[in-house]
Amino acid sequence: MATAVVSAVQELSGAVSSPPEKYLLKDGIGGPEFPVLAVPAIDLTLLSASSPQGERELEKLKLAFSSCGYIQVVNHGMDDAFLDEVHGVTKEFFSLPMEEKMKSARPKDDIDGYGNDTVYSDTQTLDWNDRLYLNVKPDSSRKLKVWPQNPSNFRKVLLEFTAELEKLNEAILRAMAKSLKVEEECFIKQMGENQTVLSRFNLYPPCPRPDAVLAAKAHGDASAMTYLLQDNKVEGLQTLKDGVWYRVPIIHNAIVVNVGDQLEIMSNGIFESPIHRVVTNPEKERITIAIFFSPDPTSEVGPHEGLINEKRPKLFKSVVDYTGNYFQSFQTGKRPIDLLRL
Ligand code: OGA
Ligand code: NI
């Protein structure tokens, strides 16, 4: 089977004292110091409460999503033992011998599976990252052939994790609508009958040139919403706000949530899909798990009627299968969401 894994960054990491040219950014990554962004911690148990505390939590959420696009959810109901297991199976998978990992290798021209940056052109700068992509929902999208059988609890843990995040996503989408005083179900309805849930397991190996190499280049997520279980020890995520790169700090076992392009569209631009990137660490590896929720690719997504008025006219065209469009224009360097601006 032809696969797109050229070389695992994991193997490069131990073998070279200087990264190959293809990974080096000519102008470096900026810095060396980056300020920390005050991403608010939102307590899920307060969010749905009809109390002054609940109102305050909603207000915090609205302000955060409309200014930096990020929150961190705490008291989300997943306990430490479970989240340790999520981290554990990810680490175990990436620690397997290459031959074993290659059983999950991403076939050429597919998204699902284990691999690294797809090379589209000779001039592309590559990310210092190995990842495993797996579609989880709808059930019919699962490419079980590349789902790891090793560790043996991998599949069970992935399904449990995404089921928990599905509940969390519903609660967040409801809270977002409530905070804007529009129909609570309005964003959930736009997700359609068969929303898609895509998982991405990230390994960011140590990198000898953190000043010149990115673990993930700047991007906005094509999703409606993204949920990230960060590494509890090693920071790396940065987000752009007012032209400055800020670090997203670690809160132990919190779920980092960011708005994706499709929710920016649904909210008529009130909530912002942040441009973010991942930097490398010279000594330590970093492991994260990102889960992307996107609308049913057959449903139409557009600015909610209740958020369009004279002061805020409709900012985006409606779109079907945004993710399908997204992967094309990401490679051209354009922000795909800009193509939909009115
Ligand atoms: C992503 C992403 C951030 C991280 O997978 O889209 O932005 O810290 N990940 O791994
Ligand atoms: Ni992202």
Side-chain angles (χ1 to χ4, degrees), residues 9-10 29 34 36-37 39 65 68-73 83 86-87 90-91 93-94 106 111-118 126-136 158 161-162 165 169 196-207 210 213-241 245-264 271-281 284-294 322-323 326-327 329-331 335-337:
V9 172
Q10 191 178 19
I29 70 155
F34 299 98
V36 175
L37 187 69
V39 178
F65 279 148
C68 71
Y70 273 100
I71 62 170
Q72 302 221 37
V73 179
L83 293 179
V86 177
H87 275 298
T90 311
K91 198 172 166 65
F93 172 76
F94 284 116
R106 172 168 62 85
I111 291 172
D112 291 60
Y114 167 71
N116 44 29
D117 246 4
T118 311
L126 300 181
D127 292 343
W128 197 257
N129 157 257
D130 296 332
R131 67 317 263 289
L132 170 68
Y133 269 116
L134 300 172
N135 268 293
V136 179
L158 171 59
F161 186 49
T162 48
L165 290 180
N169 184 44
T196 71
V197 181
L198 173 66
S199 60
R200 173 175 163 148
F201 299 79
N202 286 304
L203 174 74
Y204 304 111
C207 177
V213 174
L214 282 172
K217 30 178 166 311
H219 66 279
D221 290 341
S223 59
M225 297 298 294
T226 303
Y227 294 77
L228 181 76
L229 182 61
Q230 285 216 80
D231 197 293
N232 276 323
K233 298 212 175 74
V234 185
E235 234 183 70
L237 179 59
Q238 296 190 340
T239 186
L240 193 63
K241 184 171 150 57
W245 285 108
Y246 286 88
R247 289 149 54 201
V248 175
I250 295 167
I251 301 178
H252 186 86
N253 280 346
I255 301 292
V256 176
V257 185
N258 72 268
V259 173
D261 289 354
Q262 298 194 70
L263 214 102
E264 179 166 339
F271 294 133
E272 284 181 23
S273 168
I275 299 287
H276 53 284
R277 68 181 191 178
V278 181
V279 300
T280 64
N281 186 289
K284 296 178 193 141
E285 77 173 17
R286 177 170 183 264
I287 286 180
T288 68
I289 300 99
I291 309 289
F292 305 94
F293 287 83
S294 300
Y322 180 77
T323 310
Y326 173 81
F327 280 97
S329 50
F330 180 59
Q331 297 310 326
R335 267 203 90 178
I337 193 170

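On a predicted model such as this, the values are computed, not experimentally measured, just so you know. As the structure lists them, so they are numbered: ligands from 1, and atoms in each ligand from 1.
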Next item on the list: Please state whether the rings of Y114 and F94 are parallel, tilted or perpendicular, taking 30° and 60° as the class boundaries.
Entry: tilted
Note to self: Less than 4.0 angstrom from a charged side-chain N to a carboxylate O is my criterion; do E272 and K241 meet it?
What the structure shows: no
Next item on the list: Just do the side-chain contact (heavy atoms from CB on, under 4.5 Å) check on F293 and I291 with the steps written out, would you?
Entry: CA-CA 7 Å; F293 287 83; I291 309 289; 3.8 Å; yes
Check: Which ligand 1 atoms does T288 reach within 4.0 Å, using its non-hydrogen atoms?
Finding: 4 (C), 8 (O), 10 (O)
Next item on the list: Distance to 0.1 Å, residue and atom name: give those for the protein heavy atom nearest to atom 9 (N) of ligand 1.
Entry: Y204 OH, 3.8 Å
Checklist line | Interatomic spacing from CG in L134 to CZ in R200 - rounded to 0.5 Å | finding: 12.0 Å
Next item on the list: Identify, by atom number and element, the atoms of ligand 1 in contact range of F292, meaning under 4.0 Å from any of its heavy atoms.
Entry: 1 (C), 5 (O), 6 (O)
Next item on the list: Could you tell me which atoms of ligand 1, counted from 1 in the order shown, lie closer than 4.0 angstrom to a heavy atom of N202?
Entry: 5 (O), 10 (O)
Checklist line | Partners meeting side-chain contact (heavy atoms from CB on, under 4.5 Å) with L126 (sequence neighbours left out) | finding: K22, Y23, D117, V119, Q124
Note to self: Under 4.0 Å from a heavy atom of D221: which atoms of ligand 1 are those, numbered in the order shown and with their elements?
What the structure shows: 6 (O)
Margin query: Below 2.8 Å, which protein N, O or S atoms neighbour the Ni ion (ligand 2), ignoring water?
Written below: H219 NE2, D221 OD1, H276 NE2
Notebook entry, point to check: Of all the atoms in ligand 1, which lie at a distance below 4.0 Å from a heavy atom belonging to H276?
Noted result: 7 (O)
Note to self: Within the structure, is a non-hydrogen atom of H219 found at a distance of less than 4.0 Å from ligand 1?
What the structure shows: yes
Notebook entry, point to check: Can D231 and H87 be counted as having a side-chain donor-acceptor contact under 3.5 angstrom?
Noted result: no
Next item on the list: Working to the nearest 0.5 Å, report the span between CG of L237 and OG1 of T288.
Entry: 8.5 Å
Check: What residue among N129, T90, D127 forms side-chain hydrogen bond (donor to acceptor under 3.5 Å, both in side chains) with N202?
Finding: N129
Next item on the list: Classify the side-chain pair N232/N253 by whether it contains a donor and acceptor separated by less than 3.5 Å.
Entry: yes
Next item on the list: Report, in ascending order of atom number, the atoms of ligand 1 lying under 4.0 Å from any heavy atom of R286.
Entry: 4 (C), 8 (O), 10 (O)
Item checked: Matching residue for Y227 among L165, V256, I289 - test: side chain to side chain contact (heavy atoms under 4.5 Å, CB included) -> L165
Check: Looking only at non-hydrogen atoms, which of T226, L203, V278, T239 approaches atom 3 (C) of ligand 1 most closely?
Finding: V278
Check: Can you tell me if Q230 has a non-hydrogen atom under 4.0 Å from ligand 1?
Finding: no
Next item on the list: Could you walk me through whether I275 and W245 pass the side-chain contact (heavy atoms from CB on, under 4.5 Å) test, one step at a time?
Entry: CA-CA 9 Å; I275 299 287; W245 285 108; 3.9 Å; yes
